[in-house]
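Residue numbering restarts at 1 for every chain, and letters A, B, ... go by the order of the sequence lines. Just so it is clear, the model here is predicted, and its values are computed rather than measured.
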Amino acid sequence: AAPSAPPPSPSTAAATPTAAVPAKFASGDVRISLVRQLSSGDYFEQWLAGAQAEAKALNVKLEISSGDGNNDKQALNLEQAVTAKPDAIIVDHGFAQTVQPAIKKAVAAKIPLVAFDVDPGTAEAVTLTQDDHQIAKQVLGALKADTGGSGGVVYVYVAGFAPLDRRNETWEQFKKDNPGIKQVAQIGVVNGSTASAVADQAKAALQAHPGVKAILAPYDEFAKGAALAVKELGLADKVKIYGADMSTADIGVMTEPNSPWVATSATDPANVGRVAVRAAALLVAGEQVDRALTVPPSLINQKGLRDAGISSVEQLTGAFPGLTTPDVARVPWAAS
Amino acid sequence: MSAAVQGGSRAAPSRRVASRAAAVAYRYGLLGVMAAMIVLFSLLRPAFATYPNALVVLQSVAVVGIVALGVTVSMTTGGFDLSAGACVGAVVMVTALTMVRFNLTGGTAIVAGLLTGLLVAGVNVLLTVVAKVPDLVATLGTLFLFQGLALIVTGGQSVAPGMTVDGAPAPGRYTEGFAWLGGGTIVSVPVPVVAFALLAAAVYVLLNHTRWGRALYAIGGNAEAARLAGIRVARYRALGYAVSGVCAAIAGILLSARLGRGDVGAGDPYLLQSVAAALIGFAVLGANRPNALGTVVGALFIGVMINGLTMLNAPYYAQTFVQGALLVGALVTSYTLRRIR
Amino acid sequence: MSAAVQGGSRAAPSRRVASRAAAVAYRYGLLGVMAAMIVLFSLLRPAFATYPNALVVLQSVAVVGIVALGVTVSMTTGGFDLSAGACVGAVVMVTALTMVRFNLTGGTAIVAGLLTGLLVAGVNVLLTVVAKVPDLVATLGTLFLFQGLALIVTGGQSVAPGMTVDGAPAPGRYTEGFAWLGGGTIVSVPVPVVAFALLAAAVYVLLNHTRWGRALYAIGGNAEAARLAGIRVARYRALGYAVSGVCAAIAGILLSARLGRGDVGAGDPYLLQSVAAALIGFAVLGANRPNALGTVVGALFIGVMINGLTMLNAPYYAQTFVQGALLVGALVTSYTLRRIR
Amino acid sequence: MTFAVTSVSKVYGATTALSSVTLDLRPGEIVGLIGTNGAGKSTLIKILSGATAPSSGTLSYEGRPLAFGDPLDAQEAGVQTVHQNIDDGVVFGASVAENLMLDALATGGPRGWFLTRAQVRAAASAVAPGLGLPLDAPVESLPASARQQIVIARALARRARLLILDEPTSTLSEVEAGALAFRVRESAAAGVSVLYVSHRLSEIEALCDRVVVLRDGELVAMFAAPLDRTAIVAAMLGPAGAVPAPREAVAHVGREVLMADGVRAMPGGDAFGFRVRAGEVLGVTGLVGAGKTELLEQLGGARPLVSGKLSLGGAPYEPKDPRDAIAAGVAFAPEERAAQAIVPGWSVRAHVTLPWLRRHIRSGLLARHSESAAARHVIDLFGVRGPGPDAPIEALSGGNQQKVVVGRWLAGSPRLLVLDEPFRGVDVAARADIGRVVRERARETAVIVASSDPQELHDLADRVLVLHEGSPAGELPIADATPDRLAVLMSGAATRSGGRE
Ligand SMILES: Nc1ncnc2c1ncn2[C@@H]1O[C@H](COP(=O)(O)OP(=O)(O)OP(=O)(O)O)[C@@H](O)[C@H]1O
Ligand SMILES: Nc1ncnc2c1ncn2[C@@H]1O[C@H](COP(=O)(O)OP(=O)(O)OP(=O)(O)O)[C@@H](O)[C@H]1O
Ligand SMILES: [Mg+2]
Ligand SMILES: [Mg+2]
């Protein structure tokens, strides 16, 4: 994966502004609080990079806090954000029951709110989701096609993370619908070093179940760990990996010679981050925003990446225009 | 030292002043750094020094603080409760299961949570006091055991109202009374803060003004001397772990109420944080041993800093570093001055 | 007590046999449990007892084991290096930055990584030996400091080849030689396993057969007695932290090579795991103190269990519990039998 | 009203520490318990006080059996004990007041569970009236003798039926020992049974109504007052034991080894100088707190020099730490065994070789056979009795531990040997052994010995330097050091009239 390709030009259909910049945005006084559940991992980092880029473009100050996986901390961060009275709040992931009391306070304080991938429990807030069921469905479609609908699969999953739980629902349904596909083992760890811990477990599972055809790892840290395991055991021709999510590093792993990771389904996290900030900005400006925004995923496979010589997310969004969604929460006064 | 000798008696008065100053700085060093932080934040962000924000800070340290108070008591006897975080996690799961899965009342959930805390304490006591396994090793075993147990009772799933159990939605939900423990207020003060204050006072009195507290410290200082003096060492060590277990259980109940669900791994962050608060507390008021006041200050120290830095819009990834730097600074001042004194 | 008195001298021979058996069980208790585990897993899953799988197990414990060896050395002097995990994390980031961001060679990255380890050790020594801050508190400060530093140098981002730096893709990538450290083999044995074996042997010899090891243990046993016997306590305590820092750095380099990227928080899990391995090691061969062999066994104990349980398809959420239960069982046997002896 | 010990035995692994001891302790009687190091005295006391359980045998009070094995049970039966290892009696990190209160914490005072600091202080000063100890100071800041006083005060303050004192005077000076003897007689007069262990035969003679002699764990003899010292020593040592030989005269005094000029024992004291030659033994004495330990620690590099200059064999001697001192050929055996010399859990062998590890290196690694040989050498030289070089040092009796930690310094053939209270808890025979070896060694080595016991100095020293409150109070050749003259110098009465030449 030679990263020497020239930086790709933004591939979005450049739209011209259709409205004047609101005064508040022009003066740079807009503050938006971003309250995150997690911040580490490629997905969350790229999401943030997108959100920050959009905030810069819109001349908005983004105040970021992260619960670092501690959900109570996220709720407290949200309460603190409410006391600091920003112009809008974005809640990025989190558990509904945990953040809803604080979201109520925000609504009571008349602070506009965008909830990404979490149920805000109120009609006042705008919800933004990436379609996790669709992500799982797409990648499982690829798995079914490659395996011919039968064979042993090692599944990587840890409960308690909302997107993973949703993807898991699709997998459970898929198993019922496709009795030929057998889950021979389930593994999973989430910690600061998820990839290497998953690799160790995947190796044990692959040793115990030599006939396995595929690993379903619907989270890129899982997929990277699984890829490491397959590579270290030298099973790349026999075992294929079906993942989810996408980052520049993930593209590197997928396009490596002999990489077992053949397909992934993803949204562009940076794009989702941009959409979240745009929606919040629209709320601040008092513009009309759909109450429920969705960013659809795309299926990306190894062959496509290799054929197009893609080595970064920027190039990827050029090749898959569907990954960029400029029409979702378009800001009329900016060129996005 | 040699300077002191040459100085002879003439230098004595000025040396005494210096050493008194050092003693003061030592006793109040960490408190001073905290006060400076508060003043600085207030000047930079007027919103910092407001009553609502003070409550946010207090609320952010309440749960950690309660766990840390328990850890402090277990430390007085020379023990060390690594299992406190796992206990918090187990209690969160147990309370959630009680209400959501078994559809029982909030009161029952509280009782179940406290019993879980005592169970953890019981295992610790069995290991350390009865089987004489060293404290760190024993409580590490308990940590894995209860971290594992919290996962097993729910099959590794989080427990949320409306979750599917054997194909049907779970019958129960968090009761309002229980949820009040996490989100309610008493005269505008959040319930967890009130609980923290009460427990802090109780632990302070226990450790500093009762026979039991002195016996606990005596065991920590020299268990053999305490035994030969007729102090029932085993019982007091058990008491230490029981207090730690109960505190962790209370923290778990409050956390569960705040989360509104039984979150797998909810207790994990509390081990390091509570130990940190208790250890920072060593340096408060020159105690150099586990103490209730110090632990409260230790917890507040971290809470104030994180809150203030967030308000100043310091990037979240810089906060850990600043926390480390301030902590190291405060420690170096405290302990270096201690020697000068 | 009264039973023993009544038993009198008649019971002596049989009691002696029993106590010898207990002594054997105590010495070999944990090893026995591990052997039993291996036999059981091999019977249930023939794939378990194969050479490739043995390598898988060894590779899964190599990084943790190396960190744990360092922690063990720091423990011998009565210290306790809580910062080892943070050091691993910082080294992962530094090596990744060196190659990816600054486009330097793998050799430079290794040197930078080792220097980072020594820097962590230096801060620990400054705090504990020079400023006389208690070990736990001091290394906790270092933990925050370097956890924070690892975040700050990259602005909270992971470092991966091809990442965007100031709008352009980062120039460098992991060199092949460096990647070989994580994925390569020497006569079919993975490099990290070879490194673990060499370091384990080195630490074993250091602690058990050199005067430095003897001095380290003497300081841990009674620092004042060691000082009066002519041991330069400060230097040896510094040595302990230096070994710990270097081990953590080596572990960080191997982890970085294996991951092929600098992951934020990559080191975090290694604190608890390495401390666990070192503490379990106390119970091995009746040492009841930090020791190299015990630490290796402690690391393998966990590795074998996780590998075997995964092979048996035990759900991931049951593994922590089984780990806890086995650990508690082994500890209770070991320490209870120790007293009977 | 008697405590009866009936055929009590105690077995530790292969060692029989006590075998079938039977003994009555009657009210108002002071019984001396003596025996050589490792005879089983402390073991018997640990059993009586509930610190350990006997392997067989019974204890009874007024004919009722007692089931000891728990210190609190023993206390409730009226047994108060001062154990040999005083650090088993105090809690470091706690204040003096809290230490004085320790038993009250166990049983609950009359004041219930709530205790303010003022209450603790009040209760503490009731325990230790007139001791003049700083109640709020941390106990570890006090010297060993003051800690011993605390432990004794606690035992005396509680209503006892049986008072047990295991070598209570080993850290005390004569004055304090005299005060203790007074209070012990007072207790006995009030009807308390007293069991008293000491290696100082003069104390035993002066205090005890009856003496019980233990040898190899067996009760071998019992003497009633008036006591005959020779008979007691003969019983202690047994048929094979040799009566200690009288001290030899100095054979030959060599070159000056240590020259000290302008040194001070303590920062506040007067400066002074002294010389020690090879082949002579300089004794240092003084009351508790006179500064003996401070002076010796400076010589041993354990404490920075307060002032002045030292030179060793003509070259300047400026040790920054004990390592420097050892490298310069100075061996320093510190005063407090438990706190300053013993590494818990370590074998006798490792204790012997700790200061000399470099000598046991063969091809880069420590050689066990060489270490074992060194350990066996010390064991043979001083007649250390116990389970052997590989046993943990805790398995040795207190006196035998002392022989190991003092003896290891003699193994190094130093130029200057600095011994602080080397005879603490050592029996008469062993004292003679150590004295003999030290005097033999003194042919090439200069020796400085601090002791508060004039008898010990007489057995060993050639000259005596007397300190008083950190200042020199006089120096006498041993022949002139009569108890009366020493007492005058130690009390400081002679300082003003210039007793020093
Ligand atoms: N914990 C133990 N393990 C093994 N042997 C022991 C233990 N404690 C004491 N002993 C042995 O028991 C014997 C008696 O010891 P004890 O301490 O009673 O002697 P003592 O008469 O008090 O001697 P001293 O005058 O030196 O204090 C000694 O041989 C000693 O080695
Ligand atoms: N009873 C006491 N209470 C408080 N401080 C004391 C007491 N006795 C001695 N000290 C202090 O201890 C220091 C001298 O102790 P040092 O150990 O040098 O005396 P020493 O002559 O060696 O006496 P010892 O016979 O106890 O060994 C002095 O600073 C003195 O103030
Ligand atoms: Mg004794
Ligand atoms: Mg002294």
Side-chain angles (χ1 to χ4, degrees), chain B residues 1-12 15-16 19 23 75-78 134 201-202 204-237 239 282 285-291 293 338-339 341, chain D residues 46 49-52 70-76 79-83 85-95 97-109 111-120 123 138-140 147 151 154-155 158 264 267-268 303-308 338:
Chain B
M1 176 72 206
S2 60
V5 171
Q6 279 149 22
S9 54
R10 274 161 299 149
R15 236 177 63 214
R16 196 153 304 159
S19 98
M75 278 182 178
T76 52
T77 62
Y204 178 81
V205 170
L206 169 73
L207 291 183
N208 296 53
H209 292 298
T210 69
R211 185 155 86 64
W212 302 310
R214 280 172 211 277
L216 289 169
Y217 278 124
I219 292 168
N222 185 344
E224 180 65 6
R227 183 179 84 91
L228 291 174
I231 293 175
R232 302 259 187 225
V233 174
R235 287 190 202 169
Y236 279 99
R237 283 169 53 77
L239 172 71
F282 277 43
L285 290 187
N288 206 22
R289 63 181 188 181
N291 67 100
L293 186 63
R338 180 159 172 260
R339 273 183 306 150
R341 186 183 62 151
Chain D
K46 284 182 193 153
S49 64
T52 40
D70 179 343
L72 189 54
D73 288 353
Q75 287 199 0
E76 278 165 0
V79 181
Q80 287 298 326
T81 314
V82 172
H83 289 280
N85 182 359
I86 48 167
D87 288 339
D88 280 350
V90 292
V91 175
F92 282 17
S95 69
E98 284 169 332
N99 270 289
L100 286 164
M101 285 279 298
L102 212 52
D103 314 86
L105 291 178
T107 45
R111 287 177 191 80
W113 57 271
F114 194 84
L115 275 180
T116 62
R117 191 158 296 186
Q119 283 170 334
V120 171
V139 77
E140 63 269 27
R147 300 205 295 268
V151 180
R154 268 174 41 201
R158 294 177 65 88
R264 287 179 163 87
R303 179 189 282 271
L305 199 60
V306 177
S307 69

Checklist entry - In terms of heavy-atom pairs under 4.5 Å, which option from G220(B), A226(B), A218(B) contacts chain D the most? => result A218(B)

Checklist entry - Partners of R303(D) by side chain to side chain contact (heavy atoms under 4.5 Å, CB included), sequence neighbours excluded? => result E294(D), E297(D), Q298(D)

Next on the checklist: More than 12 heavy atoms of other residues, nucleotides or ligands under 6.0 Å from CZ of R235(B): yes or no?
Outcome noted: no

Checklist entry - Considering residues, nucleotides and ligands other than F92(D), do more than 12 of their heavy atoms fall under 6.0 Å from its CZ? => result yes

Item to check | Interchain contact, R289(B) with chain D, by part (heavy-atom threshold 4.5 Å) | outcome: side chain

Item to check | Heavy-atom proximity to chain B below 4.5 Å, by part of D73(D) | outcome: side chain

Checklist entry - With a 4.5 angstrom heavy-atom cut-off, which part of V120(D) approaches chain B: side chain, backbone, both or neither? => result side chain

Next on the checklist: Suppose the criterion is side-chain hydrogen bond (donor to acceptor under 3.5 Å, both in side chains): which pairs have a residue in residues 222-232 of chain B, not counting sequence neighbours?
Outcome noted: E224(B)-R227(B), R232(B)-D70(D)

